[in-house]
Amino acid sequence: MNVRVRFAPSPTGALHIGGGHTALFNWLWARHNNGKFILRIEDTDLVRSTKEYEQTIMSGMKWLRLDWDEGPDIGGDCGPYRQSERLDIYRDYANNLVNDGKAYRDGEAIIFRVEPGQDISFRDIVYGQIDVMSDGLKEKDSDKLKDIVIIKSDGMPTYNYAVVIDDHLMKISHVIRGEDHISNTPKQILLYRALGWDVPEFAHLPMILGRDKKKLSKRHGATSIYEYRDMGYMPDSMFNFLALLGWSAGDDKEIFTRNEAAELFELSRVTRKAAVFDFDKLNHINQEHLKALPPEVRLSMVRPFWVEAGLPVESVESSRGVKYLEDALTLMAGRGQTAKEMAQFSDYFVSFEPVKSRWNADGVDKEKLRPFFTELFAQEWNAEKLEETARAWVAGHEGAKMKDYAMPLRFALTGMKVSPGVFEVAELLGRDECSERLKYYGLL
RNA sequence: GGUCCCAUCGUCCAGAGGCCUAGGACACAGCCCUUUCAAGGCUGCGACGCGGGUUCGAAUCCCGCUGGGACCGCCA
């Protein structure tokens, strides 16, 4: 089967979590089958749609690296890919339906007649058999059967109509979308039949809920994909996390790359239960990815947050080399759940200034520490030698404990009570830098 | 009000009649390692919503109940 799937957002807002999830599953299915992933813009709401949002959605998808094979920006054989540019098509088919007596005009609008007694059941790849009769398509709070508006008074097609025309004309093989569309599907099936077309396969996806188990919305905090980027989550982590909402490969593997996911993905393994968006899990997945990153990529993820914090990344890079910054973050691997946290936790590698502002002399016995630091600085400057020296010092002094020396050193160098191994930090910072920092406090 | 969907640890996911005294992950708690934890290791806590069937046997199949949710727009 020639798999062709599409993501069809309406440009009335940024790409949000739910949309990203839907786009992701479509992408997964396309890539798994070596099929095509199509982006179609559903901009038939004249009032709310904007070109800016269209751009935002596309860049959101690019950030997640959900690349499409056909779309409004790159074209394709089934274009145009913007519904506002397909109005003639919708009108032609609507006129045919009117001529066939299957639809009628009311005002400026065209309305499809729903006949009672029709079985509009369908089989969903995820949800299985869904039985519906056309008699159930009632008006709200009424027993009246509800006909379907297909062309609005302003000449634009409605969602339920345009989606059918486009999915057919664009040769969509699988319609993969949120579960909130299950109840739209029977209406669309009625339209497919009236038009004499075969229906595509349907696969509905479970909803994503907030902690309170209500549909994810602004109330739950960040909903747009971009907000996650700005918080320091990485595209591959978001991808990994979103893929796990409503799907698993069946084994215990939870940290994977997009290609691994594409290989393993099966629509038949998608879950039916709505999933709660869990920040703790996202954090963990992001941390795992952050840990596994190649040094240069890790640096590229963290760098913007150092810059954002006003740290002199550029000058440190030119004076000490990019390798220094990469090594610093290699030491940090696994520490911090977001790129932003990692940047915050490692600022002392980039500048002494934040260290000064955190350091204070409370409880620091300078007289006791000075000889120890002097001894340290008499050594060859590498972590192994430094630790060896420190241990020898502790062993040679009655009642001395490693932490009585290591902690003040850590605090003086980093301004933090937590850091990677302090001797490794010292080695990387370098003898001169360490010396400068200790002298500043009068510890050397 | 009508139609439809869902129901395993707090959360995400395993489980497609016996392999389940229900497994993994996150979170949480505790312990260990140790110069610190935001790193690493170990242990623990913790669920099949309820009631009926079917069956030698049910988390798995059927029915009812309860509880969630979606949709019923000339929004998508």
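Hydrogens, waters and symmetry mates are skipped; everything else that's a heavy atom, side chains included, is used. These numbers come from a predicted model, not from an experiment. Convention: sequence-line order gives letters A, B, ...; per-chain numbering from 1.
The A:Asp141 side chain lies nearest to B:rG1 when the options are B:rA76, B:rC75, B:rG1. Closest to the A:Lys214 side chain, of the nucleotides B:rC12, B:rG69, B:rC71, is B:rG69. Proximity note for A:Ala109 (side chain, C-beta onward) versus B:rU35, B:rC13, B:rC74: the nearest is B:rC74. Closest to the side chain of A:Ala275, out of B:rA27, B:rA76, B:rC12, is B:rC12. Relative to the side chain of A:Ser248, the nucleotides B:rG24, B:rC6, B:rA14 differ in distance, and B:rA14 lies closest. Relative to the side chain of A:Asp45, the nucleotides B:rC74, B:rC75, B:rA25 differ in distance, and B:rC75 lies closest.
Using a cut-off of 4.0 Å between Lys/Arg side-chain N and Asp/Glu carboxylate O, A:Glu341 and A:Arg335 are scored as not salt-bridged. Electrostatic pairing of A:Asp43 and A:Arg48 does not count as a salt bridge here, judged by no charged N lying under 4.0 Å from a carboxylate O.
With A:Asn160 as reference, A:Asn184 is the one residue of A:Ile150, A:Val149, A:Thr185, A:Asn184 to meet the side-chain contact (heavy atoms from CB on, under 4.5 Å) rule.
In this structure, A:Tyr233 has its ring center no closer than 6.0 Å to that of A:Phe241. Close placement of the A:Tyr93 and A:Trp197 rings is indicated, their centers lying within 6.0 Å of each other.
Within the 4.0 Å cut-off from OP1 or OP2 of B:rG15, at least one side-chain nitrogen or oxygen of A:Arg269 is found. Contact annotation: A:Lys146 side-chain N/O to B:rG73 OP1/OP2 distance is under 4.0 Å. Within the structure, every side-chain polar atom (N or O) of A:Lys213 is placed at least 4.0 Å from both OP1 and OP2 of B:rC6. Phosphate proximity of B:rC12 to A:Thr271: absent, as no side-chain N or O sits under 4.0 Å from OP1 or OP2. For the OP1/OP2 pair of B:rG10 and a distance below 4.0 Å, the side-chain nitrogens and oxygens of A:Arg211 include no atom meeting the criterion.
The base of B:rC37 is paired with the side chain of A:Arg335 by a donor and an acceptor separated by under 3.5 Å. A:Ser183 contributes no side-chain N or O that forms a donor-acceptor pair with the base of B:rC4 under 3.5 Å. Residue A:Lys291 places no side-chain atom within donor-acceptor reach of the base of B:rA39, judged by atom type and a 3.5 Å distance cut-off alone. Looking at A:Glu139, its side chain has no donor and acceptor atom pair within 3.5 Å of the base of B:rG2.
Annotation: of the two residues near RNA chain B, A:Gln287 and A:Leu244, the 5′-most nearest-nucleotide partner is A:Leu244. Comparing A:Gln337 and A:Val418 by the nucleotide of RNA chain B whose heavy atom lies nearest to each, the residue mapping closer to the 5' end is A:Gln337.
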